[in-house]
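Please read the structure below before turning to the comments.
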Amino acid sequence: MAALRFFLVLAIFFTQCMCQNNILEMYIRTTINNAFINCRSMVNPGLAVSVVKDGKVVFTHALGVKNRNVPSMPVTTNTMFGIGALSQAFANVLTLATMNRSEKLRQKGVDTTLRDLFNHKALFKHSYLRSRYATLLDLMTHRMGFENHKYLRLDNSTTPDQLMVRVHQIDPKGRFRDSYYYNDLMYGIIAKLTEDISGSQWETLVTAEILNRLGMTSTSFFTSPAFNPFLQDVAQGYVKDNAALYPVSYEFLKEWTRFCGDSCVLSSANDMARFMIFLLGNGTAPGSMIPLVSDDEFSNMFKPWNRLQSPSIEEYLSKAQGVPVSRTHSGVALGFKTGQYRGWNILEQTGDLFGYSTMMTLFPQTKLGIFIAMTGEDDKDFFRTTLSSYIADIYHKETPWLNSTLLCAFPLPWKAAPVPKPEPVITEVPLTRPISDFVGQYVNNLYGTVYVVDNMGQLELHYGFVKFILKRKESSKPRFYMIPTGAAEHLIDIDTLKFSEQRITNLIDGVNIDKFEDSDFKKVGVPAPPSVPTI
């Protein structure tokens, strides 16, 4: 009789727990559904979410369609999205595992200098300090002080093998180990080093060391020969331009992500749930007694190795701005920003890749992980950050300060939304000099060569696999709008450039390109100006 009473009490307890979990799921699902219908479906055609807690998947959900032209193909929790900078977490886990496996490199690990790894004493042309002392950890935590010359990747003549040759030319902007300059090219170098140490391609290594061990069967790479978006479960990425959505070419993404360690991974809500359980479980694969990475090395992933100055999140998500609850970022770990939300420590990374917007948030103290993936854009990460905050409140048993209405309205009612930058009004302005004066090759030590060409009377700038139409601005100087066309149309914002003229001869002898971090290019074949006689 006593045993029967115990069984009944136990059954009631588990029933209540299951009911509570079902209610939580229903509550979150309804809120996401309402927000998606009311404000996101026309901006983000596809959405997927997964949540893990205490080593288990507690919530998954998918909404929308994989392709706007095929409404009968819904997004599922196995549908893959480009995860952008979240790829860095895979790169860091793989690098830690690779260093740990090498008898030669195990002792120093991520403190191994690049000088030793490349066997070269002058890696960085403009910095002896970095050439002598920079380590893998400096690359991983963006402590190099290098601006993010992301458009360097438009030059497809720069292969992963040649990336370090280009980075050799970067002139530092910030102080070594005392500044934060996000630079995803550093993860291209990390991926290449991992390949050199292991003797295999990065994608093959990630598959063998991480994906297979964790059972991640719906994860792939834009750069893999086996990737076929038309045969696999992939969500089409979209960008917004002039209030319309445009699909992003997979060929463009393949070229853009070819350095891989920073952006080439695609994954699903289900697979990212497995990865979050792995990360929150101290680097041990489920069912395995041997960790992929040692406890000491794995704990290094979550330490703040660099500090953030004036993090952008605090512009809208701090109590000083009027919101009820602050969400902060203060440091830089390996592939994550460190911070706090409601007193809980968080590790967070967003992925903004052409056509895709993702976010992963980990709460190590409570073993909570949240992954959000969308096709389309998310200005200033507003929707992803607020949705992550809402889900965290639910699973931490806090009263949510957000609902579906506020998820759509944020930053209102606490602060006005940022005013979008107006599109330039481009009119036909005469060149004022022969078009042939501009035509030619222009070179820069870091970026290589750009070509200014005459295409049937229209000036164009060609760089790598992209082209820009050049339209003269209203200006006394030879300034031009730089309008992306072809593969880059709708993806890259319109910017400006300025040709330089020799003082005496008035010959066009160079060009300054704003979009390329204000870089100067010298025109090939222009003779030096005559010397001015002295009196």
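Sequence positions, counted from 1, serve as the residue numbers for this chain. The analysis underlying the following values was restricted to heavy atoms, covering all of them including side chains, and did not include hydrogens, waters or symmetry mates. It should be emphasised that the depicted structure is a prediction, and the values quoted were computed from it without experimental measurement.
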Are Y451 and H462 close enough that their ring centres sit under 6.0 Å apart? no
How long is the straight-line distance from CG of D381 back to CD1 of I372, given to the nearest 0.5 Å? 10.5 Å
Nearest atoms (heavy-atom pairs only) where L280 meets G369: CD1-N, 3.8 Å
Just so I know, are the side chains of L253 and V248 near enough to count as touching, which here means a heavy-atom distance under 4.5 Å? yes
Is a salt bridge present between R153 and D184, judged by a nitrogen-to-oxygen distance below 4.0 Å? yes
E428/R472 salt bridge by N-O under 4.0 Å criterion: no
Assess K254 against F222: is NZ or CZ under 6.0 Å from the centre of the six-membered ring, and within 45 degrees of the ring's axis? no
Can you tell me how far apart CG (N38) and OG1 (T405) are? Round to the nearest 0.5 Å. 7.0 Å
Could you check whether F465 and F252 have their ring centres less than 6.0 Å apart? yes
Could you tell me if T79 and T76 have a donor-acceptor pair between their side chains, going purely by distance under 3.5 Å? yes
Is the closest side-chain heavy-atom distance between L387 and F410 below 4.5 Å? no
If you measure only the distance, is there a donor-acceptor pair under 3.5 Å linking the side chains of N444 and D520? no
Can you confirm whether K367 is buried at NZ, in the sense that more than 12 heavy atoms of other residues, nucleotides or ligands lie under 6.0 Å from that atom? yes
N345 side chain vs F363 backbone, donor-acceptor pair below 3.5 Å: no
Could you tell me whether E474 atom CD has more than 12 heavy atoms of other residues or ligands within 6.0 Å of it? no
With no hydrogens and no angle check, do the side chains of S263 and T257 hold a donor and an acceptor under 3.5 Å apart? no
Would you call R166 and D155 a salt bridge, taking side-chain N to carboxylate O under 4.0 Å as the test? yes
Please check if atom NZ in K173 has more than 12 non-hydrogen atoms from other residues, nucleotides or ligands closer than 6.0 Å. no
Would you say T385 and L317 make side-chain contact, with heavy atoms under 4.5 Å? yes
Give a yes or no on whether K53 atom NZ has more than 12 heavy-atom contacts from other residues, nucleotides or ligands under 6.0 Å away. yes
Spacing of F275 atom CZ and L86 atom CG [to the nearest 0.5 Å]: 8.5 Å
Taking atom CE as the centre, does M73 end up with more than 12 heavy-atom neighbours from other residues, nucleotides or ligands that are less than 6.0 angstrom away? no
Check the pair K515, D493 against salt bridge (Lys or Arg N to Asp or Glu O under 4.0 Å), reporting the backbone distance first and the verdict last. CA-CA 9 Å; K515 187 165 291 296; D493 292 335; 5.4 Å; no
Output yes when a side-chain donor or acceptor of D271 lies under 3.5 Å from a complementary backbone atom of S267, and no otherwise. no
Are R327 and E348 close enough for a salt bridge, meaning some N to O gap below 4.0 Å? yes
Under 3.5 Å, is there a donor on one side chain and an acceptor on the other for N78 and D233? no
Test ring-ring contact (aromatic ring centres under 6.0 Å, His included) applied to H490 and F354, Y246, Y238, the passing residue: Y246
Using modelled atom types and a 3.5 Å cut-off, is there a donor and acceptor pairing between side-chain atoms of S326 and backbone atoms of K319? yes
Between the main-chain N or O of P311 and the side-chain N or O of E314, is there a donor-acceptor pair closer than 3.5 Å? no
Whether over 12 other heavy atoms sit under 6.0 Å from Y182 OH: yes
Non-hydrogen side-chain atoms of D495 and I483 separated by less than 4.5 Å: no
Verify the distance criterion only: is there a donor paired with an acceptor across the side chains of T60 and T77 at less than 3.5 Å? no
Please confirm whether the backbone N or O of Q340 pairs with a side-chain atom of T328, one donor and one acceptor, at under 3.5 Å? yes
Does the side chain of S404 pick up a donor-acceptor pair with the side chain of T31 at under 3.5 Å? no
Would you call the rings of Y187 and H142 parallel, tilted or perpendicular if under 30° counts as parallel and over 60° as perpendicular? tilted
SB check D352 K380 (cutoff 4.0 Å): no
Does the Lys NZ or Arg CZ of R40 fall within the cation-pi geometry relative to F383 - under 6.0 Å from the ring centre and within 45° of the axis? yes
Exceeds 12 heavy-atom contacts within 6.0 angstrom, atom CD of Q201: no
If you measure from CZ on F36 to CE on M374, what distance do you get to the nearest 0.5 Å? 10.0 Å
Minimum heavy-atom separation for P304 and T338, please, with both atom names. CB-OG1, 3.7 Å
Hey, do the aromatic rings of Y316 and F382 have their centres closer than 6.0 Å? yes
Ring centre gap for Y447 and F516 strictly below 6.0 Å: yes
Do T375 and Q236 meet the criterion of a side-chain donor-acceptor pair at a distance under 3.5 Å? no
Would you check, one step at a time, whether the test salt bridge (Lys or Arg N to Asp or Glu O under 4.0 Å) holds for R143 with D178? CA-CA 7 Å; R143 300 192 306 196; D178 192 31; over 6 Å; no
To the nearest 0.5 Å, what is the distance between CG (L214) and CE (M276)? 12.5 Å
Check whether any side-chain heavy atom of L362 sits under 4.5 Å from a side-chain heavy atom of L368, and report yes or no. no
F480 six-ring face occupied by K498 cation (under 6.0 Å, within 45°): no
Would you give the length of the straight line joining atom CG of L154 to atom CD1 of I492, rounded to the nearest 0.5 angstrom? 5.0 Å
